[in-house]
Amino acid sequence: MLETALAGMAGDAAMVAAARAAAARVGWYRVYDGADAATGIAPDLAAGMFGGQVAGSRGLIGFGGVLCGLFLLAPGIHYPLHTHAATELYYCLSGNLSVEHGVDGERFTLAPSDHSVTPSHRLHALSTGNAPVLLAYAWVDEQSAPIWMWERDATTPLGWRRRSWTRRADASWQCRDDEPVDTESFRRATDP
């Protein structure tokens, strides 16, 4: 899958060359290691998302001020609505990534050389098409806060439930909390 994504890279020549060099040197890992259906992470999603940090706790550079590197997503996966405290920047190197911001938000597509910025605590979802997607990413601001996976739940006051995932020391994630979404969290996640 990585070789297919690397072969499909396009865009700025310097960025493509840097991504190719980084891909050969980073320690690739499964983003949601240990996930299963009981924790709310679909098995195909858990098996289809890989990170390769350049800077961060698992990076080539052990730097704590920013997480950055490469993010590889398998074809045909959907990363459901979620939030995190970090501001997330993507630069698409290969494939096409569909991004949605907000509840029932408008989707837009990242193709090679396109970029996106997801503000801190903004609700967003990602979907891939029939080819793997390779992104250069950076997480700035708060990196240690949990990722909250959201799902509709008619039994809760606002109709939403969320599960938190926290980063372990090895940079993989572990499911921690399950709770109804409160009014302040909903407002912050859906405000444009």
Side-chain angles (χ1 to χ4, degrees), residues 26 28-59 63-74 77-91 97-105 107 110 116-128 133-153 156 158-191:
V26 296
W28 289 96
Y29 60 93
R30 187 175 292 179
V31 173
Y32 284 107
D33 191 28
D36 59 33
T39 61
I41 301 291
D44 63 330
L45 179 64
M49 290 177 34
F50 299 90
Q53 283 187 6
V54 172
S57 60
R58 290 185 79 158
F63 180 68
V66 66
L67 294 178
C68 65
L70 300 173
F71 185 29
L72 178 64
L73 295 97
I77 63 170
H78 176 69
Y79 190 1
L81 289 170
H82 62 283
T83 60
H84 40 70
T87 297
E88 184 173 69
L89 300 100
Y90 287 149
Y91 178 86
L97 181 69
S98 176
V99 181
E100 176 183 356
H101 283 167
V103 174
D104 300 321
R107 291 184 175 270
L110 295 181
S116 71
V117 176
T118 300
S120 174
H121 298 288
R122 174 68 52 84
L123 195 59
H124 60 291
L126 310 172
S127 297
T128 61
V133 172
L134 183 61
L135 304 165
Y137 78 91
W139 267 28
V140 297
D141 305 321
E142 176 60 49
Q143 295 117 37
S144 62
I147 289 181
W148 290 95
M149 302 288 280
W150 290 44
E151 61 186 42
R152 293 191 188 271
D153 182 350
T156 66
L158 295 177
W160 289 92
R161 172 166 295 289
R162 65 184 189 164
R163 290 188 175 101
S164 73
W165 286 77
T166 55
R167 194 180 292 278
R168 294 186 278 209
D170 68 358
S172 63
W173 297 85
Q174 180 178 18
C175 188
R176 294 283 183 187
D177 300 311
D178 183 335
E179 65 187 31
V181 173
D182 61 76
T183 303
E184 176 58 21
S185 296
F186 188 82
R187 182 201 60 75
R188 190 165 56 177
T190 59
D191 272 354

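Side-chain atoms of L70 and F50, non-hydrogen and from C-beta on, never get closer than 4.5 Å to each other. Residues L97 and F71 have side chains not in contact (no heavy-atom distance under 4.5 Å, counting atoms from C-beta outward).
Judged as a side-chain contact (heavy atoms from CB on, under 4.5 Å), and not counting sequence neighbours, the contacts of T118 are E88, H101, R122, H124. Scored by the side-chain hydrogen bond (donor to acceptor under 3.5 Å, both in side chains) test, Y79 finds Y32 as partners (sequence neighbours excluded). Listed by chain and residue number, R107 satisfy the side-chain hydrogen bond (donor to acceptor under 3.5 Å, both in side chains) test with S98 (two or more places apart in sequence, or in another chain). Judged as a side-chain contact (heavy atoms from CB on, under 4.5 Å), and not counting sequence neighbours, the contacts of S164 are P146, W148, R176, D177. For V140, the side-chain contact (heavy atoms from CB on, under 4.5 Å) test picks out V66, T87, L89, with sequence neighbours left out. S185 is linked by a side-chain contact (heavy atoms from CB on, under 4.5 Å) to R162, V181, D182, counting only residues two or more places apart in sequence or in another chain.
Scanning all heavy atoms of the two residues, the minimum distance from G52 to V26 falls at CA-CG2, 3.6 Å.
Note: I77 CD1 to T128 OG1 = 5.0 Å, rounded to the nearest 0.5 Å.
Between F186 and W150, the ring-plane angle classifies as tilted under the 30° and 60° cut-offs.
None of H82, E151, E179 except one satisfies the side-chain hydrogen bond (donor to acceptor under 3.5 Å, both in side chains) rule with R163; the exception is E151.
Between the side chains of S127 and H78, at least one donor N or O lies within less than 3.5 Å of an accepting N or O.
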### Task
Go through the steps for H84 and W139 under the test ring pair (Phe, Tyr, Trp, His ring centres under 6.0 Å), then give the verdict.
CA-CA 10 Å; H84 40 70; W139 267 28; 4.5 Å; yes

